[in-house]
Amino acid sequence: MMLYIILAITASTSIIVLLKIFNKININTFAAITVNYVVATAFGFAHEAGNFNTADLLARPWFVWAMISGGLFIVGFNLFAISTKNVGVALTGMASRMSMVVSVLAGLFLFAEEPTWIRTSGIVVGLAAFYFTFNKGIKSDGEKKFFIIPFALLLVHGFSDLMMKVAQHYYISGDFVLFLSTTFFWALIFAIIYTFYKGFKSFKISFREISGGAILGIINWYSGYFLLLSLDSFDVSVVIPTINISIVVASLIAGKIFFYEKLNASTWLGIALAIIAILFISNG
């Protein structure tokens, strides 16, 4: 159903917007993200109630990959929060979607996928898109550091997708929802470990963090869930480019309407190139 794709786009864009709102109203984003993973984990295992036990879970061939993905999830989610705060909703959405370049390059080298001129062109256009999007006349060293944030988000999000792809390609057999739930669980564990390492002084938790994190967790879970339903209803060649391009456009619209983000000509060119790159890469 096309409704699943629309809901997946809405949920994914809402995550970026919600993280921007957290910064606006001074919600401790790390605390909210930690609560988010409590809720997402609970939702995930509730979907699989009665279909597994703990001992069986440890024996699953994808268990280690879920652990690695969980670590990348928590890093990526915090980069989302930092990026929306410093470079805005529109550019964060673009950077997160361009992360598919990492998976495509890995596919060429790890899965022996045949390179095509269209897909190769998409990668080149994608690199150009990233340059033009963030080429905004940055002069000071303090401003230059903001370029690193979306670039780091692109890499972490890309490697997170790659871990999911490796697990799906070699190890997952019909229990993707359980794999996703276990990944959320490990993201929560890593968040708790990090909190103990840093100390609780910086971990501000109140009703606002709990309620905001709960909302984020529900949206986060359904973002992945509706993506799965979309992939079950349509070919991947239809779902992935449609969702990626739509999130870039939706993030751009949301940034301008809700947060009055201003984009210069270079940024507009970069976003247009990003859409072209996503089309090329997905259909090459």
Discussion item. Keeping Glu209 on the side-chain end and Asn28 on the backbone end, is there a donor-acceptor pair under 3.5 Å?
Written reply: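 Checked: pair present.
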Discussion item. Donor-acceptor check, side chain of Asn86 to backbone of Ile82, threshold 3.5 angstrom: yes or no?
Written reply: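 At least one qualifying donor-acceptor pair exists.
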Worksheet item: Excluding sequence neighbours, so at least two apart, what forms side chain to side chain contact (heavy atoms under 4.5 Å, CB included) with Ser83?
Response: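 Checked Ser83 against side chain to side chain contact (heavy atoms under 4.5 Å, CB included); matches are Val87, Thr92, Ile149, Pro150, Leu153.
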Discussion item. Just to verify, what does Ile15 make a side chain to side chain contact (heavy atoms under 4.5 Å, CB included) with, not counting sequence neighbours?
Written reply: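 Per chain and number, Ile15 pairs via side chain to side chain contact (heavy atoms under 4.5 Å, CB included) with Leu19, Phe77, Leu216, Ile219, Asn220, Ser223.
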Worksheet item: Is the CZ atom of Phe63 crowded by more than 12 outside heavy atoms at less than 6.0 Å?
Response: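 It does: Phe63 CZ has more than 12 such atoms within range.
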Does any part of the side chain of [Y], heavy atoms only, come nearer than 4.5 Å to the side chain of [X], both counted from C-beta?
{"X": "Leu178", "Y": "Phe45", "answer": "yes"}
{"X": "Tyr37", "Y": "Trp186", "answer": "no"}
{"X": "Phe80", "Y": "Ser96", "answer": "yes"}

Practice prompt. Please identify each residue that fulfils side chain to side chain donor-acceptor pair (under 3.5 Å) with Glu261, with sequence neighbours left out.
Written response: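 By the side chain to side chain donor-acceptor pair (under 3.5 Å) rule, Glu261 matches no residue at all.
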Worksheet item: Taking it one step at a time, do Asn244 and Ile275 satisfy side-chain contact (heavy atoms from CB on, under 4.5 Å)?
Response: CA-CA 8 Å; Asn244 283 355; Ile275 293 173; over 6 Å; no
Worksheet item: Between Trp221 and Tyr225, how do the two ring planes meet: parallel, tilted or perpendicular, split at 30° and 60°?
Response: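 Rings of Trp221 and Tyr225: parallel, under 30°.
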Discussion item. Using side-chain contact (heavy atoms from CB on, under 4.5 Å), reason through Ile74 and Tyr194 one step at a time and then give a plain yes or no.
Written reply: CA-CA 10 Å; Ile74 192 67; Tyr194 180 78; over 6 Å; no
Expected list for residues 246-254: side-chain donor-acceptor pairs under 3.5 angstrom, two or more places apart:
{"from": "Ser246", "atom 1": "OG", "to": "Thr242", "atom 2": "O", "distance (Å)": "2.6"}
{"from": "Ser251", "atom 1": "OG", "to": "Ile247", "atom 2": "O", "distance (Å)": "2.7"}

Worksheet entry | ring-ring contact (aromatic ring centres under 6.0 Å, His included) involving Tyr171 - partner list, sequence neighbours excluded |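 If we apply the ring-ring contact (aromatic ring centres under 6.0 Å, His included) test to Tyr171, skipping adjacent residues, the hits are Trp65.
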Worksheet entry | ring-ring contact (aromatic ring centres under 6.0 Å, His included) partners for Phe258, two or more places apart |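 Listed in chain order: nothing, the list is empty.
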Discussion item. I need the Thr29 OG1 to Phe22 CZ distance, nearest 0.5 Å.
Written reply: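 Those atoms lie 8.5 Å apart.
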Worksheet item: Roughly how far, to the nearest 0.5 Å, is CG of Leu57 from CZ of Phe179?
Response: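 Between Phe179 CZ and Leu57 CG, I get 11.0 Å after rounding to 0.5 Å.
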